[in-house]
There are 2 protein chains.
Amino acid sequence: MSTAEVFAALGDPVRLRLVERLGAEGPLSIHRMTEGTAISRQAVARHLNVLRDAGLLHDERRGREHVFALEPRRIAAARRHLETISAQWDTALDRLRAYVED
Amino acid sequence: MSTAEVFAALGDPVRLRLVERLGAEGPLSIHRMTEGTAISRQAVARHLNVLRDAGLLHDERRGREHVFALEPRRIAAARRHLETISAQWDTALDRLRAYVED
DNA sequence: GCCATACGCAACCTCCTTGTTGCTCGTCAG
DNA sequence: CTGACGAGCAACAAGGAGGTTGCGTATGGC
């Protein structure tokens with residue numbers, strides 16, 4: 001659930017594509033998510049569990065299907081984290097410039 | 001240089017901390033970056049190379065020092081990517097709602 | 001009730017990552 | 001010129017990540 005864990009979860013091309021699909025198509029079952037990939041259902045299921053453990057997805061059993069859906073608040077939190085770094089960078093550069101001119 | 005590679009680079013707690021430090025303190029040498037960490041200089045250097053290969057940092061030799069600095073444009077690009085996913089998610093939910101009510 | 005479906009669990013293999021250490025090389029200061 | 005400092009390179013060990021296969025289990029349609 002840490003910030004690094006969120007980025008690590010997004011840092012695999014397969015998982016990033018799964019997140020993009022969930023964002024574009026809405027909630028999907030493991031079986032549906034496996035369609036269009038070159039890997040097995042178990043591999044996809046493990047990727048989805050990683051994303052859920054990172055807080056990026058939430059899951060629900062619907063009959064014999066296991067449906068995963070996006071958790072947009074986690075994505076928003078990661079976005080804000082990157083925003084903070086960029087903002088600090090600007091002030092750090094200003095301080096560096098003042099130091100060099102001094 | 002892919003998007004997944006950027007997130008993977010940020011997805012390690014040590015590297016995320018290095019990026020945060022560069023954002024807060026400005027450009028730093030490998031030796032300076034090693035201070036305050038529990039790992040060796042070589043390990044830090046490798047982490048910095050990973051971040052540079054992902055496009056998140058740029059580096060420069062200054063005498064016998066190797067200085068790394070943030071590349072805020074890459075961070076902004078990653079931020080926009082997350083923004084896109086969230087935006088698509090909203091419309092996907094609308095379509096899902098319309099489908100269920102149908 | 002019966003069978004296909006969608007899934008979970010566990011074992012296993014392979015590669016990549018992350019850390020280490022040892023050695024060498026360029027650079028700055030005295 | 002010489003020694004200390006900051007880095008680069010390479011080899012190595014240990015752990016984790018990502019993939020597969022085989023098998024067992026609950027659910028839904030006929």
Side-chain angles (χ1 to χ4, degrees), chain A residues 1-22 25-69 78 96 100, chain B residues 1-22 25-70 96 100:
Chain A
M1 296 269 299
S2 67
T3 307
E5 196 181 350
V6 170
F7 287 131
L10 293 172
D12 180 276
V14 174
R15 284 197 291 268
L16 187 57
R17 187 152 182 278
L18 291 177
V19 169
E20 288 169 350
R21 269 190 71 183
L22 285 176
E25 305 179 26
L28 292 172
S29 70
I30 295 178
H31 187 71
R32 293 282 306 278
M33 301 280 287
T34 305
E35 297 172 0
T37 73
I39 60 179
S40 65
R41 171 183 58 82
Q42 284 86 344
V44 172
R46 284 235 297 241
H47 281 301
L48 291 170
N49 284 332
V50 170
L51 289 166
R52 170 178 47 92
D53 291 347
L56 285 164
L57 308 181
H58 62 91
D59 57 336
E60 183 187 6
R61 286 298 296 255
R62 291 187 85 89
R64 61 180 168 183
E65 291 190 336
H66 193 160
V67 178
F68 285 84
L96 182 66
V100 170
Chain B
M1 297 267 298
S2 66
T3 308
E5 196 180 351
V6 171
F7 287 130
L10 294 172
D12 180 276
V14 175
R15 284 197 292 267
L16 187 57
R17 186 152 184 280
L18 292 176
V19 169
E20 289 168 350
R21 269 191 71 182
L22 285 176
E25 305 179 24
L28 293 171
S29 70
I30 296 177
H31 188 71
R32 293 283 306 277
M33 301 280 287
T34 305
E35 297 172 359
T37 73
I39 60 179
S40 66
R41 172 182 58 83
Q42 284 85 346
V44 172
R46 283 235 300 244
H47 280 302
L48 291 170
N49 284 332
V50 170
L51 290 166
R52 171 177 45 89
D53 291 347
L56 284 163
L57 307 181
H58 63 91
D59 55 337
E60 184 187 6
R61 287 296 297 256
R62 292 187 84 88
R64 60 181 168 182
E65 292 190 337
H66 193 161
V67 177
F68 285 84
L70 213 63
L96 182 66
V100 170

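No experiment lies behind these values; they were computed from the predicted model shown. Residue numbers begin at 1 in each chain, while the letters A, B, ... track the order of the sequences.
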* Residue whose closest nucleotide on DNA chain D lies nearer the 5' end, Ala38(A) versus Arg62(A) -> Ala38(A)
* Asked: How does protein reach along nucleotides 3-15 of chain C, written 5' to 3' as B (base within reach of a heavy atom under 4.0 Å), S (only sugar-phosphate), or - (no contact)?
  -> -BBSBBB------
* side-chain contact (heavy atoms from CB on, under 4.5 Å) partners of Thr3(B), counting only residues at least two apart -> Leu16(A), Phe7(B), His81(B)
* Asked: side-chain contact (heavy atoms from CB on, under 4.5 Å) with Arg32(B): which residues, sequence neighbours excluded?
  -> Leu28(B), Ser29(B), Glu35(B)
* Structure fact -> Between CG of Leu48(B) and P of dT17(C) the distance, given in whole Å, is 16 Å
* Asked: Which residues pass the salt bridge (Lys or Arg N to Asp or Glu O under 4.0 Å) test with Glu20(B), sequence neighbours left out?
  -> none
* Shoot me the first and last contacting nucleotide of DNA chain D against chain A, ordered 5' to 3', at under 4.0 angstrom to non-hydrogen atoms. => dG18(D) to dG28(D)
Using distance only, find each side-chain donor-acceptor pair of residues 44-56 of chain A under 3.5 Å and give its atom names and separation, not counting sequence neighbours.
residue  : atom : partner  : partner atom : Å
His47(A) : ND1  : Arg15(A) : NH1          : 3.1
Asn49(A) : OD1  : Arg52(A) : NH2          : 2.5
Asn49(A) : ND2  : Ala45(A) : O            : 3.4
Arg52(A) : NE   : Asp59(A) : OD2          : 3.4

* Asked: What residues form a side-chain contact (heavy atoms from CB on, under 4.5 Å) with Ala8(B), not counting sequence neighbours?
  -> none
* Under the side-chain contact (heavy atoms from CB on, under 4.5 Å) test, which residues partner Ala69(A), sequence neighbours left out? -> Pro27(A), His58(A), Trp89(B)
* To do: Write down the distance between CD (Glu5(B)) and P (dC16(C)), rounded to a whole number of angstrom.
  => 14 Å
* To do: Using a heavy-atom cut-off of under 4.0 Å over every strand shown, decide if Arg15(B) touches base, sugar-phosphate, or nothing.
  => sugar-phosphate
* Can you sort out the partners of Arg62(B) under salt bridge (Lys or Arg N to Asp or Glu O under 4.0 Å), two or more places apart, ordered by chain and number? => Glu60(B)
* For Glu65(A), salt bridge (Lys or Arg N to Asp or Glu O under 4.0 Å) partners two or more places apart -> none
* To do: Just jot down the side chain to side chain donor-acceptor pair (under 3.5 Å) partners of Gln42(A), sequence neighbours excluded, or say none.
  => none
* Structure fact -> To the nearest 10 degrees, the angle between the two end axes of the helix from dG1(C)-dC30(D) to dG30(C)-dC1(D) (five pairs per end) comes to 40°
* For residues Thr37(A) and Val14(A), determine if any side-chain heavy atom of one lies less than 4.5 Å from a side-chain heavy atom of the other. => no
